[in-house]
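Keep in mind the model is a prediction, meaning the values are calculated, not measured. Just so it is clear: chains get the letters A, B, ... in the order the sequence lines come, proteins before strands, and each one is counted from 1. In what follows, every heavy atom counts, from backbone to side chain, and hydrogens, waters and symmetry copies are set aside.
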Amino acid sequence: MRLATWNVNSLRSRIDRVEAFLTRHDVDVLAVQETKAREDQLPLMGLESLGYEVAAAGYSQWNGVAVISRVGIEDVGVGFDDMPAWGDPPVAEARAIGATCGGVRVWSLYVPNGRKPDDPHYAYKLDWLAALRAAARGWLDAPTALVGDWNVCPTDDDVFDVQQFRTSTHVTVPEREAFAAFADDGWAEVTREHAPGYTYWDYYRQRFERNRGLKIDFAYASPSLAAGVTGAFVDRDERAGTGASDHAPVVVDVDL
DNA sequence: ATGGTAGGCGACCTA
């Protein structure tokens, strides 16, 4: 099974690239973030003609997550136990969707950005990660993937210039501890070994052309799923050219 | 400290 995760920065404006990506890499299950779309707004026809089903939780203006699968979708769940809210539904629920696809529970996660370390959104981010961790402890016994945009750079190597981020979110100790806590519970981050390198480059200042990026998109796998992982890569070419998302897709291969 | 770009929406917000 080939899994992928991708922050597309609007599914509707990027649908041609999404369909081309799925076809180009023969992807079975794609977790998408920042869909910026309600379920009724999604361009399902093109995906359906390619053999994919879509489960989505979304909002028109920002956030939004989806799972796109050609191996079937069952047991869709939006959000998780004690997931902290930021705003009212559907905004609050537009950050996590879990769908079982071909026997694997795939969670598409859009971790809150945090904005600034002194912003209330930063505390919300830490609360959100703590609640996810608590809920996810109950998912470790099944083949489960926690994939998406984690909005955390776990090490200094995951930032093009740490000095430039010294007053920013993504690199603070509490955020890094919150990310590492999943590994303490038994989750295995499976992209770093096979797919090192950045996954996000800001649109500003030709950051992609100068390779000034961040590694913030990750895939934590439960032990039974991690045991089957055979490889992973970042589709860096997808970030190039006009009309690209600011994130590149990350692909993970699993031998089930 | 600021501003640079992109998307969606509705005349400004988020990343």
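A distance below 6.0 Å separates the ring centres of A/Phe80 and A/Trp128.
Of the candidates B/dG8, B/dA6, B/dA15, B/dA15 carries the atom nearest the A/Arg115 side chain, counting heavy atoms from C-beta on. Here the nucleotide nearest the side chain of A/Gln41, chosen from B/dA6, B/dA15, B/dC9, is B/dC9. Minimum atom distance to the side chain of A/Arg95 is reached by B/dA15, of the listed B/dA15, B/dA6, B/dC9. Which of B/dG7, B/dA15, B/dC9 sits closest to the side chain of A/Arg14 comes down to B/dG7. You'll find that the side chain of A/Arg12 is closest to B/dG8, out of B/dG8, B/dG4, B/dT14.
Comparing the C1' positions of B/dC9 and B/dT14 gives a spacing of 12 Å, expressed to the nearest Å. Separating the P atom of B/dT2 from that of B/dA6 is a span of 23 Å, rounded to the nearest Å. Using atom C1' as the reference point in both B/dC12 and B/dA1, the two lie 22 Å apart (nearest Å).
One interatomic measurement links the two molecules: OH of A/Tyr200 to P of B/dA6, which rounds to 12 Å at whole-angstrom precision.
A/Ser60 has no side-chain polar atom (N or O) that falls below the 4.0 Å cut-off from OP1 or OP2 of B/dG8.
The side chain to side chain contact (heavy atoms under 4.5 Å, CB included) test with A/Arg2 is passed by exactly one of A/Val251, A/Val252, A/Val254, A/Val71: A/Val251.
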Please assess A/Trp86 against A/Tyr124 for the test ring pair (Phe, Tyr, Trp, His ring centres under 6.0 Å), listing each intermediate value before the final yes or no. CA-CA 8 Å; A/Trp86 184 274; A/Tyr124 164 64; 5.1 Å; yes
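Counting non-hydrogen atoms under 4.0 angstrom, A/Tyr110 reaches the backbone sugars and phosphates but no base.
Toward the 5' end of DNA chain B, the nearer of the two residues A/Leu11 and A/Gly114, judged by each one's closest nucleotide, is A/Leu11.
The side chain to side chain donor-acceptor pair (under 3.5 Å) analysis of residues 218-232 of chain A, with sequence neighbours excluded, yields no pairs.
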